[in-house]
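Quick notes on the structure that follows.
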Amino acid sequence: LSSLARKPSTWAGRSVSTSILLGSFLRRAARAAAEKYVPDSDPGSARKPRSCARTPRAWPPSDSDSPQSACERWPVRADDGHELELLVHRPEEPRAVLLFMCALGVEARYYAPFGEALAVEVVRQQMPGVPLYVGAHSLGGQLMVLHLAAARPSISGTMLVACAIPYYQNWEGRARRFIHLSSVLFPIAGALLGYVPGKRLGFGGEAEARTLMRDWSLNARTARYEPRGSDVDYEAALRELEIDFLTVNVATDEMAPPDAVEFMFEKLPKSRGTRVEARLSKPHRAPHMGWARDPAKVVAALSAWLAS
């Protein structure tokens, strides 16, 4: 760890309360996605939505008549002043809204092909009304479900992709040993450095918040959600949550195997869940991430679930 300590010291102490920030962000983001964004009255935050840097591609590429989805960046400011941008893919005639949360250490722009494909598919389905769904990938899915359990927002359902509860006993062999070891090492790294250097330790982004990774480590060791500093009994809230949800596991994804994905059903006994497996069109070195760049099967699973 001594070599990792050469990271800039400005990261120290940057951990935030995950539950507070997540709840504040989701409230603002859902509001911005459901209706036209109106900037705050504070002149300093009055930034207008702007176009994405990358140009949206038609999906599928071979169909020149497929409707295009507009790509925008909407500014969102949480109650604690934290500023974020919502990456929005919007077809000309939207029929539904899906607020999607990223995986750990992944930027929103990585999901652009998925967003474009989904926007086009929703138009093709010609779904009546504009129901609001929320979705997420990997760790984002766990945080999303925790927020739903605690806040009970009014939504039509949720979709989870490659979302596995990281309890180490749901894995086998080397993966089980790695997760168990990581659950011990990550809190130590966070205490020493003020952040967790995920990429160097083999999991997560370049610098992950130590509070978040400390909570993840507890969940990996015990399978329980007990965020430090929170007064919410998430385990009880999950048992009482009643929602419709779809969970998609990606074939050959070693980071989210079927047993770990299905463990979510045990956490949500009163909810109505469906699990499907999506097999990508071509082999990917990392299918846990590759599905977002090869989204056809995931979009098909979501569309079939919405239609049912």
Side-chain angles (χ1 to χ4, degrees), residues 15-16 18-19 21-22 25-26 29 84-89 98-118 133-148 158-168 170-171 175 178-179 182-183 186 195-217 219-220 225 227 245-258 260-264 267 275-278 280 284-295 297-299 301-302:
S15 58
V16 298
T18 304
S19 58
L21 176 59
L22 176 65
F25 166 68
L26 287 180
L84 310 96
E85 284 189 323
L86 198 64
L87 195 65
V88 181
H89 292 270
L98 172 67
L99 178 63
F100 196 81
M101 179 171 287
C102 307
L104 181 69
V106 183
E107 295 183 356
R109 62 186 179 185
Y110 180 82
Y111 299 93
F114 172 62
E116 295 165 10
L118 184 59
Y133 293 86
V134 294
H137 174 210
S138 194
L139 179 62
Q142 297 179 67
L143 296 178
M144 181 69 75
V145 171
L146 291 178
H147 174 69
L148 297 179
T158 185
M159 181 197 71
L160 311 173
V161 181
C163 176
I165 296 178
Y167 184 41
Y168 76 98
N170 287 328
W171 273 261
F178 174 79
I179 293 174
S182 298
S183 69
F186 287 171
Y195 70 101
V196 176
K199 281 190 175 181
R200 296 196 182 192
L201 296 179
F203 180 80
E206 185 68 30
E208 300 294 349
R210 59 182 176 182
T211 304
L212 172 64
M213 299 312 296
R214 184 173 56 204
D215 292 341
W216 179 93
S217 298
N219 185 233
Y225 289 105
F245 73 94
L246 170 71
T247 182
V248 181
N249 74 281
V250 182
T252 72
D253 179 9
E254 296 181 353
M255 294 187 68
V261 170
E262 287 200 350
F263 197 50
M264 184 64 74
K267 292 288 187 181
R275 181 182 73 84
V276 299
E277 182 172 283
L280 305 186
H284 284 261
R285 183 174 59 87
H288 188 72
M289 305 300 300
W291 71 268
R293 299 301 178 92
D294 185 5
K297 296 296 185 181
V298 174
V299 169
L302 172 59

Determine whether a donor-acceptor pair (N or O, by modelled atom type, separation under 3.5 Å) exists between the side chain of H137 and the backbone of H288.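 Yes; judged by distance alone, with no hydrogens or angles, the pair exists.
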
Donor-acceptor contact below 3.5 Å, side chain W171 vs main chain P166: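 Between the backbone of P166 and the side chain of W171 there is no qualifying donor-acceptor contact (under 3.5 Å).
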
Within a radius of less than 6.0 Å around CD of E277, do more than 12 heavy atoms belonging to other residues, nucleotides or ligands occur?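 Buried by this count: over 12 neighbours within 6.0 Å.
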
Can you name the closest pair of heavy atoms from [X] and [Y] and give their distance?
X    : Y    : result
G205 : E208 : N-OE2, 2.6 Å
L99  : M144 : O-CE, 4.0 Å
A162 : A256 : O-CB, 3.7 Å
A220 : S183 : CB-CB, 3.9 Å

Qualifying residue, where the test is side-chain contact (heavy atoms from CB on, under 4.5 Å) with H284 and the options are D294, T252, V250: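 Among D294, T252, V250, the one meeting side-chain contact (heavy atoms from CB on, under 4.5 Å) with H284 is D294.
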
Can you classify the ring geometry of W291 versus F100 as parallel (below 30°), tilted (30 to 60°) or perpendicular (above 60°)?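 Geometry flag for F100 against W291: perpendicular rings.
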
Hey, are the side chains of [X] and [Y] touching, using non-hydrogen atoms and a 4.5 Å cut-off?
X    : Y    : result
M159 : L302 : yes
S182 : W216 : yes
F203 : M255 : yes
V261 : D253 : no
H147 : V134 : no

